[in-house]
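Indexing begins at 1, ligand by ligand and atom by atom, following the structure's order. When reading the values below, keep in mind they use all heavy atoms of this one structure, side chains included, and skip hydrogens, waters and symmetry mates. As the structure is a computational prediction, the values presented were derived from the model and not from experiment.
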Amino acid sequence: MASKIDITAYKGNIINGEFVPTPATRHSIDPATGEPLYEVPVAREEDLDAAVGHARTAFKSWSKTTHEERASLLKAFADAIEENRRGLEKLQTMEQGKPIGLANTEVTMAITWLRTFATMQIPDEVLDDNEERTIYSTRTPLGVVGAIVPWNWPILLGLGKVGPALMTGNTIIMKPSPYTPYCDLKLGELAMSIFPPGVFQVLSGDDSLGPWLTKHPGVNMISFTGSIATGKRVAASCAKTLKRYVLELGGNDAAIVCEDVEIEKCMPKIATLAFLNSGQICMLAKRIYVHEKIYDQFRDAMVEFTKNNIKTGGGFEPDVIVGPVQNSMQFELVKNMYAEIEKSGWKTALEGKVRETSKGYFIEPAIIDNPPEDSRIVVEEPFGPIVPLLKWSSEEDVIDRANALETGLGTSVWSKDVARAERMARQISAGSVWVNSHFDVAPDVPFGGHKESGIGMEWGIEGFKHFTNSRSIWVWKKVFE
Ligand code: NAD
């Protein structure tokens with residue numbers, strides 16, 4: 001039986017299987033109410049040094065464990081999360097703002113991800129095998145991994161790093177975003193009674209902690225998810241010690257809607273995947289290209305659907321899809337994009353609204369009607385509930401426009417003619433491309449970005465490989481005959 005967690009108590013960072021308090025503490029706020037949440041530690045550089053030292057010690061034995069031993073502990077960890085899932089879901093809504101139904105989805109996904117990772121293993125490959133010699137390609141763990149997690153999906157994106165790092169024999173130190181430290185600290189607390197000390201540690205801190213982690217000479221790899229600008233800083237810092245890194249960065253996904261779709265059948269998915277989590281997901285439909293023959297009809301249907309089905313409100317209210325924007329910094333960024341509507345004279349199909357009077361960071365969805373292709377709402381990732389609809393007429397042109405940006409995380413093509421849609425999909429430069437869907441992810445399917453949306457992939461066996469070095473072993477059998 002795993003321990004029951006108390007989501008109101010934060011005794012310290014999770015270092016070497018113990019709570020380690022810090023002299024200073026801080027708190028985040030509930031974005032729906034503006035109320036302060038609980039005090040959490042602010043790690044000092046010496047706390048990180050201690051964690052890295054313990055992770056290096058733990059690596060010596062953890063890297064020698066078998067696949068079965070690692071899998072059994074990862075499954076026990078998933079069970080412990082499941083036993084505590086209601087508390088974690090509530091806490092996720094309190095700290096992140098996402099509706100409780102979506103918090104439930106996030107925890108379900110995280111548990112599924114861990115259980116699937118527990119079944120995955122990179123097989124040795126035999127590259128050559130004859131009487132004289134055998135050549136194997138094998139993989140070895142890197143050592144200590146630093147996991148840097150953003151504030152939009154702290155549980156799934158955190159555990160999406162922890163599972164593969166541990167299954168491939170590394171030890172890991174997870175650093176949540178200062179905006180959302182709570183669930184990640186609780187995951188570390190649950191892990192205390194499952195993994196050997198030093199194998200999985202969690203450090204909460206302020207803005208200094210990320211840079212300390214990326215430059216630390218005792219850390220061998222950084223697995224980072226966040227914005228493109230920060231990703232570039234992380235890469236530059238890792239270069240100084242030639243650390244390995246995987247970067248999962250921002251996106252500005254196109255959804256291409258062909259003229260033969262049945263609008264009412266695809267609308268629920270397209271509209272929901274434009275506004276889910278208040279638009280704060282890296283892979284959402286952020287530029288919707290609609291064939292000119294159906295543009296007006298599609299636009300009107302999207303406005304109707306959004307008005308009737310995409311409710312804005314606090315995460316604990318029933319049927320809410322758009323919760324508050326997560327933090328004041330993001331609120332200001334999204335407000336700035338809404339202000340651009342008037343400044344740039346964009347036409348709105350759905351006006352949207354910033355709720356300035358409420359205590360929380362609430363913004364209602366806006367749909368921009370065919371703005372110029374070079375406008376900010378098309379070329380920048382808004383990370384808020386605002387989306388442009390754009391017209392297209394030629395396949396070649398719309399594919400060029402979908403591929404035109406420096407981002408390349410995801411793109412979708414919607415058509416009844418699946419062969420045509422697949423032919424279009426194969427011309428897209430993005431880490432994930434969907435036909436008649438968007439934002440599908442799975443633990444055994446690689447996920448990542450082209451161009452500035454990232455370097456390397458997470459999840460799937462390909463993602464596992466990024467947590468390892470390649471080692472070729474040559475075995476000559478007859479030298480001494
Ligand atoms: P962010 O880049 O501001 O922060 C991400 C993490 O990096 C946080 O933990 C932060 O504390 C840390 N950090 C900040 N500066 C650092 C530095 N100099 N060195 C090391 N760490 C540092 O991103 P965010 O605002 O938390 O997340 C939103 C962004 O993340 C969006 O652009 C979104 O598209 C992207 N994102 C990408 C994916 C993906 O998988 N590709 C998933 C979710 C979010």
Side-chain angles (χ1 to χ4, degrees), residues 26 28 31 40 42-43 48 95-98 106 109 113 146-161 173-181 183-185 202-216 219 222-240 243 245-253 276-284 286 325-334 380-384 405-410 430-432 439 441 445-459 463 466:
R26 56 175 294 280
S28 311
V40 289
V42 182
L48 177 62
E95 68 170 324
Q96 205 283 329
K98 64 171 54 94
E106 179 170 355
M109 288 171 83
W113 262 232
I148 301 182
V149 184
W151 46 256
N152 60 347
W153 292 79
I155 299 177
L156 180 66
L157 297 180
L159 294 179
K161 300 177 186 308
I173 299 169
M174 179 158 78
K175 186 205 90 61
S177 163
Y179 291 116
T180 52
C183 283
D184 285 349
L185 280 166
V202 183
L203 262 65
S204 139
D206 59 20
D207 290 342
S208 310
L209 183 56
W212 289 339
L213 192 58
T214 59
K215 76 170 193 201
H216 202 292
V219 174
I222 295 291
S223 176
F224 172 84
T225 303
S227 62
I228 293 173
T230 310
K232 288 179 182 173
R233 278 180 220 122
V234 168
S237 173
C238 287
K240 296 198 179 115
K243 276 186 190 60
Y245 54 81
V246 168
L247 305 176
E248 296 294 343
L249 308 178
N252 197 348
D253 293 11
L276 198 69
N277 208 31
S278 314
Q280 303 166 118
I281 299 182
C282 51
M283 278 193 323
L284 286 180
K286 293 176 183 164
V325 168
Q326 204 277 325
N327 56 65
S328 58
M329 177 267 308
Q330 192 60 30
F331 190 55
E332 292 308 317
L333 287 175
V334 183
E380 285 179 25
E381 178 189 39
F383 230 55
L405 303 181
E406 283 312 313
T407 46
L409 198 56
S432 300
F439 188 45
V441 284
V445 177
F447 154 73
H450 291 195
K451 300 185 274 184
E452 290 203 345
S453 286
I455 290 185
M457 302 292 270
E458 286 202 294
W459 310 343
H466 284 299

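In this structure, atom 18 (N) of ligand 1 is in close contact with the protein, since a protein heavy atom lies within 4.0 Å of it.
Checked by distance only, ligand 1 and Thr225 stay at 3.5 Å or farther apart across all their nitrogen or oxygen atoms.
Residue Phe383 holds the heavy atom nearest to atom 33 (C) of ligand 1 of all those in Trp153, Trp151, Phe383, Phe224. Closest heavy-atom approach to atom 29 (C) of ligand 1 among the candidates Gly226, Ala229, Ala236, Gly431: Gly226. By heavy-atom distance, the residue among Thr230, Leu209, Asn152 lying nearest atom 13 (N) of ligand 1 is Thr230. Comparing Ser237, Cys282, Gly205 against atom 42 (C) of ligand 1, the shortest heavy-atom distance belongs to Cys282.
Only the side chain of Leu157 comes within 4.0 Å of ligand 1, counting heavy atoms alone; its backbone N, CA, C and O stay farther away. Counting heavy atoms under 4.0 Å from ligand 1, residue Glu381 touches it through the side chain alone. Counting heavy atoms closer than 4.0 Å to ligand 1, residue Leu409 contributes side-chain atoms (C-beta onward) but none from N, CA, C or O. Neither the backbone nor the side chain of Asp207 has any atom closer than 4.0 Å to an atom of ligand 1 (non-hydrogen atoms only). Contacts with ligand 1 closer than 4.0 Å are made by side-chain heavy atoms of Ile148 only, the backbone lying farther away. Neither the backbone nor the side chain of Tyr179 has any atom closer than 4.0 Å to an atom of ligand 1 (non-hydrogen atoms only). Looking at Phe447 against ligand 1, only its side chain comes within 4.0 Å, counting heavy atoms.
Between the CG atom in Asn277 and the CH2 atom in Trp153 there is a gap of 6.0 Å [rounded to 0.5 Å]. Of the inter-residue distances, the one linking Gln280 atom CD with Glu381 atom CD reads 10.5 Å to the nearest 0.5 angstrom. We find the CG-CE distance between Leu156 and Met109 to be 5.0 Å, quoted to the nearest 0.5 Å.
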